[in-house]
Amino acid sequence: MKKIFLLSAMFLFVNLICGCIDNKMTVAKNISVAEEKFDPVEEELKTLTLEEKIGQMMFIGVHGVQIDEDIKFMLNAYKVGGIIYFDRNMETLEQVRNFSAELQNNSKIPLFISLDEEGGKVSRMKHALPPPPSQETIGSSGDYNLARVHAIETSKKLRAIGINTNFAPVADVGSKDTRSFSDDAKVVAEFVSSAAKGYEEENFFYTLKHFPGIGKAKVDPHKDISVIEDSKNILEKEDLLPFKKIIAEQDNSKFMIMVGHLKYSAIDTQNVATLSPKIITDLLRNELNFQGVIITDDLGMGAISKYNDFSNLGIQAVKAGADILLSCHEYEQQKKICDGVLDAVQRGEILEERINESVRRILKMKLQLNTIRS
């Protein structure tokens with residue numbers, strides 16, 4: 001009897017201990033599940049209307065040097081998520097700083113505010129914002145660290161006037177216009193990598209352009225389509241190399257990739273890159289595994305606008321896999337692009353979940369700088 005009693009007592013004790021452990025594990029598991037369920041991007045996404053989601057996918061140019069009724073309309077009615085500056089918007093450092101603040105104050109979700117500050121001739125407000133050297137000049141120095149140094153300096157100067165995104169560095173190989181670091185793909189990759197590290201040290205958004213590389217272009221895409229006849233094997237060894245290096249090395253949520261308007265016949269015989277699912281989704285998103293934001297080059301350029309209606313351009317780009325649609329100059333074009341995408345979702349041509357995929361990436365990127373407002 002004593003043995004039976006002892007065995008029974010031990011059995012009850014073991015069950016009691018196991019029960020306590022199970023309860024603790026259950027509580028811990030519930031806490032863990034609760035923590036996993038909270039996602040600031042998903043929480044923000046839930047608060048957005050369809051119109052606000054599509055607005056986040058619009059990156060526009062505006063006119064003037066301060067907020068006016070046209071700009072307010074684009075911010076309030078179209079809920080645009082990004083603004084690009086040109087010289088037409090920039091007079092003095094103080095004016096740009098105030099303009100940036102006004103824009104942010106009129107937006108529910110903080111804006112990407114950008115410009116093309118590549119260096120050399122592709123720079124803005126040179127009279128008040130001394131530009132870095134051209135990428136060709138930096139590349140010819142042979143000093144990779146120089147790209148990092150100028151990226152850091154550029155980030156600081158731009159942040160001081162309310163800009164948080166640079167449409168640079170150029171990752172193209174061998175451009176004949178001083179915009180490339182080199183005509184050697186490996187050298188370009190190293191300089192672009194160094195620049196990327198400089199931007200990331202400053203926690204500043206940057207943009208690799210123009211995927212999958214426009215260094216071999218024979219026609220200015222502002223005017224018309226240029227066709228690249230190289231095999232995919234050559235493209236991979238040359239043009240794609242800088243993009244592949246940064247995608248593999250850097251945090252994909254810290255930078256955008258801008259897709260150009262050239263046609264690459266070895267990959268897609270029908271569409272320019274901006275409108276090509278084979279290039280944006282199959283190659284960039286799936287094959288190269290880029291997880292960040294994909295932005296188009298300006299949809300108003302001749303290479304693309306001459307052959308497409310603006311009401312359909314955004315639809316094609318979104319269906320190809322683009323996250324952000326860039327339209328730099330005319331408000332009416334911007335409205336048509338945005339309205340076209342909205343109509344396509346409402347009639348079921350584009351699923352809202354496809355829109356959500358892009359907006360998640362956009363919000364995640366903005367969250368990196370703690371810019372999503374509570």
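For reference, positions follow the sequence shown, starting with 1. Predicted model only: the values in this text are computed from it and were never measured.
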> Are V122 and R179 packed together at the side-chain level, in the sense that at least one heavy-atom pair is separated by less than 4.5 angstrom?
yes

> Within 45 degrees of the axis of the six-membered ring of F112 and under 6.0 Å from its centre: does K366 put its NZ or CZ there?
yes

> Could you check if a side-chain atom of N356 sits within less than 4.5 angstrom of a side-chain atom of E42, using non-hydrogen atoms only?
no

> Regarding S134 and T137, is there a side-chain donor-to-acceptor distance under 3.5 Å anywhere?
yes

> Can you give me every donor-acceptor pair (side chain of residues 238-245, partner residue at least two apart or in another chain, under 3.5 Å) with its distance?
unit_1 : atom_1 : unit_2 : atom_2 : d
E238   : OE1    : K216   : NZ     : 3.0
D239   : OD1    : K216   : NZ     : 2.5
D239   : OD2    : K216   : NZ     : 3.3
K245   : NZ     : E249   : OE2    : 2.6

> Is the shortest heavy-atom distance from the side chain of Y78 to the side chain of K335 under 4.5 Å?
yes

> Could you pull out every donor-acceptor pair under 3.5 Å between side chains of residues 206-215 and any protein atom, sequence neighbours left out?
unit_1 : atom_1 : unit_2 : atom_2 : d
Y206   : OH     : E200   : OE2    : 2.8
T207   : OG1    : N166   : O      : 3.0
K209   : NZ     : D116   : OD1    : 2.9
K209   : NZ     : E118   : OE2    : 2.8
K209   : NZ     : F167   : O      : 2.7
H210   : ND1    : D172   : OD2    : 2.8

> F204: which residues meet the ring pair (Phe, Tyr, Trp, His ring centres under 6.0 Å) condition with it, sequence neighbours left out?
none

> Take D251 and S253, measure what side chain to side chain donor-acceptor pair (under 3.5 Å) needs, and give me the verdict at the end.
CA-CA 5 Å; D251 182 345; S253 66; 2.8 Å; yes

> Quiz question: by atom type and distance under 3.5 Å, do the side chains of Q316 and N308 form a donor-acceptor pair?
yes

> Is there side-chain contact between T47 and K108, with at least one heavy-atom pair below 4.5 Å?
yes

> Using a strict threshold of under 4.0 Å (side-chain N to carboxylate O), is an ion pair present between R285 and D323?
yes

> N312 and D309: side-chain donor and acceptor closer than 3.5 Å?
no

> Any link between F205 and I152 through a network of hydrophobic side chains (Ile, Leu, Val, Met, Phe, Trp, Tyr) touching at under 4.5 Å?
no

> Just by distance, no angles: are the side chains of E117 and T154 close enough, under 3.5 Å, to form a donor-acceptor pair?
no

> Do the side chains of N98 and Q66 get nearer than 4.5 Å, heavy atoms only?
no

> Look at the side chain of S276 and the backbone N and O of I279, then say whether any donor-acceptor pair between them is shorter than 3.5 Å.
yes

> The criterion is salt bridge (charged side-chain N to carboxylate O under 4.0 Å, His left out); which residues satisfy it with R159, sequence neighbours excluded?
E202

> Any non-hydrogen side-chain atom of Q135 less than 4.5 Å from a side-chain atom of F191?
no

> Any side-chain heavy atom of M125 sitting closer than 4.5 Å to one from L93?
yes

> Do any pairs count as a ring-ring contact (aromatic ring centres under 6.0 Å, His included) and have a residue in residues 313-346, sequence neighbours left out, and if so which ones?
H63-Y331, F86-H329

> Scan for ring-ring contact (aromatic ring centres under 6.0 Å, His included) pairs involving residues 115-140, sequence neighbours excluded, and state none if there are none.
none

> Do N289 and E287 get their side chains close enough for a donor-acceptor pair, meaning under 3.5 Å?
no

> In plain terms, say whether R360 and E357 are close enough for a salt bridge, that is, a side-chain N and a carboxylate O under 4.0 Å apart.
no

> Start with the C-alpha distance between V345 and R354, add both sets of side-chain angles, then the distance that settles side-chain contact (heavy atoms from CB on, under 4.5 Å), and finish with yes or no.
CA-CA 9 Å; V345 177; R354 166 65 191 88; over 6 Å; no

> Within a strict 4.5 Å, meaning less than it, do heavy atoms of the I246 and I257 side chains meet?
no

> Assign the ring pair Y85 / F99 to parallel, tilted or perpendicular, where the plane angle (0 to 90°) is split at 30° and 60°.
parallel

